[in-house]
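Worksheet: the structure to be examined is printed underneath.
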Amino acid sequence: VGLDHAAAMRRATIDMRLQLANQALSTEAARRSAYESAAREREAEVRAEVEAYRETTSVPEKLAVLAEFEEAFDAYV
């Protein structure tokens with residue numbers, strides 16, 4: 001279960017970064033807006049998976065790594 005959430009976080013994070021790159025490279029306002037919306041959807045997906053993963057464990061080491069990920073993700077976003 002935890003591995004599934006971790007994989008989903010990874011996929012959504014990669015897709016979010018791709019959408020942000022596309023937004024930065026886009027020359028049309030409508031496309032920039034669409035890419036930004038997609039990136040925000042992926043961000044919400046990552047955050048939901050973080051919470052879902054948190055609910056699957058009480059292991060202090062895993063929770064510490066998850067907290068580090070959240071901190072880095074917050075800094076990135």
Side-chain angles (χ1 to χ4, degrees):
V1 172
L3 189 57
D4 291 338
H5 292 298
M9 279 188 284
R10 183 175 188 276
R11 282 191 306 271
T13 301
I14 290 169
D15 191 49
M16 182 189 78
R17 293 176 69 191
L18 177 62
Q19 298 303 326
L20 290 172
N22 286 336
Q23 178 197 24
L25 296 172
S26 184
T27 59
E28 299 174 17
R31 285 188 179 206
R32 279 194 307 272
S33 179
Y35 289 132
E36 181 178 352
S37 293
R40 290 194 186 282
E41 289 172 10
R42 297 299 81 73
E43 176 188 353
E45 197 175 311
V46 170
R47 293 187 189 284
E49 289 297 337
V50 165
E51 289 306 315
Y53 181 75
R54 187 184 328 278
E55 293 175 9
T56 68
T57 188
S58 60
V59 177
E61 293 84 2
K62 289 183 179 182
L63 293 172
V65 170
L66 189 59
E68 287 178 27
F69 172 81
E70 281 184 290
E71 185 176 320
F73 188 75
D74 288 342
Y76 179 77
V77 175

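Everything quoted here is computed from the prediction, not taken from an experiment.
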Testing the basics here: between Leu20 and Ala39, what is the closest heavy-atom pair and its distance to 0.1 Å?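 Of all heavy-atom pairs spanning Leu20 and Ala39, the closest is CD2-CB, 3.7 Å.
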
Show the nearest heavy-atom pair for residues Ala12 and Arg42, with the distance to one decimal.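 Closest approach of Ala12 to Arg42: O-CB, 3.6 Å.
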
Measure the [atom1]-[atom2] distance between [X] and [Y] for me, rounded to the nearest 0.5 Å.
X: Ser37; Y: Gln23; atom1: OG; atom2: CD; answer: 9.0 Å
X: Leu18; Y: Tyr35; atom1: CG; atom2: OH; answer: 8.5 Å
X: Arg31; Y: Asn22; atom1: CZ; atom2: CG; answer: 9.5 Å
X: Glu70; Y: Leu63; atom1: CD; atom2: CG; answer: 10.0 Å

Identified side-chain contact (heavy atoms from CB on, under 4.5 Å) counterpart of Leu66 within the set Glu71, Met9, Glu61: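 For Leu66, the side-chain contact (heavy atoms from CB on, under 4.5 Å) check succeeds only for Met9.
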
Phe69-Val77 co-clustered via ILVMFWY side chain contacts under 4.5 Å: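 They do share one cluster, since a chain of ILVMFWY contacts under 4.5 Å joins Phe69 to Val77.
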
Single-linkage hydrophobic cluster, 4.5 Å side-chain cutoff, Tyr76 and Val50 together: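 Yes, Tyr76 and Val50 fall within the same hydrophobic cluster.
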
Before accepting this row, confirm whether a basic side-chain N of the pair [X]/[Y] lies closer than 4.0 Å to the acidic partner's carboxylate O.
X: Arg40; Y: Glu36; value: yes
X: Arg11; Y: Glu49; value: no
X: Arg47; Y: Glu43; value: yes

For the backbone of Ala29 and the side chain of Ser33, can you confirm whether one donor and one acceptor N or O come within less than 3.5 Å of each other?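 The answer is no, because no donor-acceptor pair under 3.5 Å joins these two groups.
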
Hey, are the side chains of His5 and Thr56 touching, using non-hydrogen atoms and a 4.5 Å cut-off?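 Answer yes - side chains close enough.
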
